[in-house]
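Working notes for the structure below.
Worth knowing before you read on, the calculation uses all heavy atoms, side chains too, and leaves out hydrogens, waters and symmetry mates. Proteins come first, then strands; the chains are lettered A, B, ... in the order of their sequence lines, and each starts at number 1. Just so it is clear, the structure is predicted and the values come from calculations on it, not from any experiment.
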Amino acid sequence: MNAPDYRLITRPEELASCLEALWTAPHIGLDTETTGLDPHTSRPRLLQLATPNSTYLIDLFHFPTEALAPVLELLASPHSVKIAHNAKFDAKFLLKHLGVRLEGVFDTYLASQLASAGSEIDRHSLELVTQRYLNIQLDKTAQLSDWSGELAAYQLEYAARDASILMPLRETLQARLEEMDLMVVARLEFDCVMSIARMELAGVYLDVDLWRAQVDRVRVTHRAVADALQQELGRGALQMTLFDESPQVNLDSPQQVRDALARIGIDVEGTSEWRLNKLANEYPVIQDLLDYRTLSKSLSSYGEGVLDFINQDTQRIHADFRQIGTPTGRITCSSPSLQQMPHAVEYRSCFRAPAGRKLIVADFSQIEMRILADFSRDRRLIEAFKSGADLHRATASQMLGVPLDGVTALQREKAKGLNYGIVYGMGAEGLANRIGSSLTEAEILIQRYFAAYPEVDRWLREAADRAVNEGRCRTASGRLWIFQLDPFDRQQAAQLRRVGKNAPIQGTGSDIFKRAMTLVDEALGKYDASVVNSIHDEIVVECEAGIARTTLQLVSKAMVDAGREFLSRVPVVVDAVVSDAWLKK
DNA sequence: TAGAATCGCCAC
DNA sequence: AAACGTGGCGATTCTA
């Protein structure tokens, strides 16, 4: 493609004329070139702003931040739409180095993901999206060039083209989103970008000494259990020659473990957890193996390795959050995955508030069950939430026809298993495994459950039917998932029915959560407080200790407001605490 | 031998 | 052999 018309801006007096053009443009293509990928250790070099007529390349190395004030005013104004591809990246550099919150985002990366409607095949780099929607091949070879020195013509042309291509790309993508009825969810996603950029930039604090101590404790236990296991498994081994050590089983190899178990007379078809769980009571060696696995997992995934993610500049962990991480719209997290830290207090307590600060840990109470109640309009389930009673107790009471205070602990546990399983499309067998009952008992429990909540039964059946008949589903915001499963294949049809029940609920949970992230971030704007982690239905905020109570109130209110935008038939409840660590005290 | 595939397990 | 949905990720095993 032809290089766009561009102007390199290096002097303050040149800014004035380009600003005039920029303020009259309703849509502005925005891109930055930086000296590296990490906003804490790298600097933004170029800010590219594209209008239909011309693209302005502002050489940031030539401007002190004060001189950029008129440009920053434009970026912070909702007056124009700022089109960016993966705006989170640019937003972090602009916030960190120029102190400006990007306003009016249209993100072509997120737009492309939404238009793919859950396809796992489509990729969404600028190069591929441009090819897919404009049939234009971009040359990205300059992307990783050195942006810290004198800029060559080819670099400037590349920088200008990346920004200017965003203009036609937005037009095409917006038309596509409108066709597909996806503009409401697109707005929800675009509004959320800044909150995630701020969260990543803030990072989360991890107490290194506490973490090391925890890892050391696990290592000692791990070693002891491994030794015991080798003893137990070794009993079946043939005696080796005098010079050989007795053969060690690789305890991390399911294959070798299975063979070793066979030698001591325990035949298993596989060594996955659910199989071993069934045998754990019968054979102590199996219980040891399960313990060993848990400890191994802890050491490998939650060991010293996590400390490598601490940024040397900030001494905090800045994980990577993917805003649309799953087809249901959930955010996912990697490097490291802060969403999968073990729930055990020993681990969670290492994520602390630094001196003089506090954490606010806030999560939606039973959000998916509330969504199910709202969608199905089930009178009794709605009533259970309105009464404010414990949901699992209320469910057991409804199922068994006993008063609330007559529900035993065991009955409550079974009702809990049902409440959690039902939104995943669980069957009788799955429930039996989960609550440790017989298949017959599980079947009866499910019957009673649906007798207690008949509209839930009906809604779930209809949702499953819709998934099979239409091959797609939508969430409350209109987020679309087109299933890639074949309804004429027995297994895939069964999976389709399960996903069809779960996806609208899980996806609406994502909608509510993202709205909450946006509102929380906006509410905290003028305080010394910032979101530092988000886990599907939970938001962790770090703030100055003196404003902890205020912050808790702001966070709770923002989350409840977000829920109420989507749910009108059930109350929305947020549980929140002020804490020194990542614990729901 | 590097990268893909698989197993297994952590979270919500 | 599967089972209850969505992921990330480490270790082992397979494969080009």
Side-chain angles (χ1 to χ4, degrees), chain A residues 118 120 249-258 269-278 289-306 309 319-322 324-344 347-348 363-369 371-372 417-435 439 442 446 460 463-464 467 473 475 479 481 483 485 490-492 494-510 513 533-540 582 584:
Chain A
E120 314 266 51
V249 176
N250 182 347
L251 298 171
D252 299 319
S253 164
Q255 217 163 276
Q256 292 186 36
V257 167
R258 191 180 159 182
E269 287 174 46
T271 65
S272 57
E273 195 189 13
W274 69 271
R275 285 181 202 276
L276 297 185
N277 272 333
K278 290 181 172 175
L289 181 57
L290 286 166
D291 293 344
Y292 172 82
R293 289 248 180 98
T294 304
L295 294 161
S296 292
K297 175 70 178 173
S298 299
L299 284 181
S300 60
S301 296
Y302 316 110
E304 294 274 349
V306 171
F309 289 105
D320 182 22
F321 289 86
R322 282 187 57 200
I324 302 179
T326 78
T328 57
R330 274 192 178 180
I331 300 168
T332 59
C333 178
S334 59
S335 309
S337 176
L338 298 175
Q339 294 178 331
Q340 296 164 255
M341 286 300 157
H343 202 265
Y347 287 97
R348 293 287 171 109
D363 70 329
F364 284 107
S365 161
Q366 301 289 355
I367 192 67
E368 293 194 343
M369 284 304 291
I371 293 166
L372 180 58
L418 272 158
N419 278 328
Y420 278 118
I422 223 75
V423 289
Y424 296 148
M426 186 172 62
E429 206 162 336
L431 178 66
N433 271 331
R434 192 193 172 91
I435 63 172
L439 192 59
I446 289 178
L460 288 170
C473 76
T475 67
R479 186 188 308 278
W481 184 359
F483 303 120
L485 291 164
R490 263 184 74 90
Q491 299 231 335
Q492 291 189 44
Q495 200 188 341
L496 194 52
R497 294 188 68 83
R498 289 195 297 271
V499 179
K501 295 173 192 172
N502 175 258
I505 297 171
Q506 188 184 118
T508 300
S510 307
F513 188 75
N533 200 358
S534 80
I535 316 97
H536 308 312
D537 66 351
E538 175 184 356
I539 293 178
V540 183
W582 184 14
K584 294 166 191 165

Shortest side-chain distance from [X], nucleotide among [options]:
X	options	result
A:Arg498	C:dT6, C:dG8, C:dC4	C:dC4
A:Ile535	C:dG10, C:dG7, B:dC12	B:dC12
A:Arg348	C:dG5, C:dG7, B:dC12	B:dC12
A:Tyr302	B:dC12, C:dT6, B:dC10	B:dC10
A:Glu429	C:dA2, B:dC12, C:dT6	C:dA2
A:Thr332	B:dC10, C:dG7, C:dA2	C:dG7
A:Gln495	C:dG5, B:dC12, B:dC10	C:dG5
A:Asn250	C:dT12, B:dC9, C:dT6	C:dT12
A:Gln340	B:dC10, C:dA2, C:dA11	B:dC10
A:Pro342	B:dA11, C:dT12, C:dC9	B:dA11

Reckon [X] touches a base, only the sugar-phosphate, or nothing at all at heavy-atom distances under 4.0 Å?
X	answer
A:Gly509	nothing
A:Asp363	nothing
A:Gly421	nothing
A:Arg490	nothing
A:Thr294	sugar-phosphate
A:Ser296	nothing

Nearest-Å distance for atom pair [atom1]/[atom2], residues [X] and [N]:
X	N	atom1	atom2	result
A:Leu431	C:dC4	CG	P	9 Å
A:Ile505	B:dC12	CD1	P	19 Å
A:Leu496	C:dC4	CG	C1'	15 Å
A:Leu338	B:dC12	CG	P	13 Å
A:Ile331	C:dG7	CD1	C1'	13 Å
A:Lys297	C:dC9	NZ	P	10 Å
A:Trp582	B:dC12	CH2	C1'	11 Å
A:Gln339	C:dG5	CD	P	19 Å

Main-chain N/O of [Y] paired with [X] side-chain donor or acceptor, under 3.5 Å:
X	Y	answer
A:Asp363	A:Asp537	no
A:Arg479	A:Thr508	no
A:Arg348	A:Met341	yes

>> Can you check the distance between C:dC4 and B:dA4, where both ends of the measurement are the C1' atom (answer in whole Å)?
In response: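 My reading of the C1' atoms in C:dC4 and B:dA4 gives 28 Å.
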[X] versus [Y]: any side-chain heavy-atom pair under 4.5 Å?
X	Y	result
A:Trp582	A:Glu538	yes
A:Phe513	A:Ile367	no
A:Phe483	A:Cys473	yes

5′-ward residue of the pair A:Gly425/A:Ser300 relative to DNA chain C: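 Taking each residue's closest nucleotide, the earlier one in sequence belongs to A:Gly425.
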- Message: On DNA chain C, compare the nucleotides closest to A:Thr326 and A:Ala428; which residue's is nearer the 5' end?
- Response: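 Result: A:Ala428.
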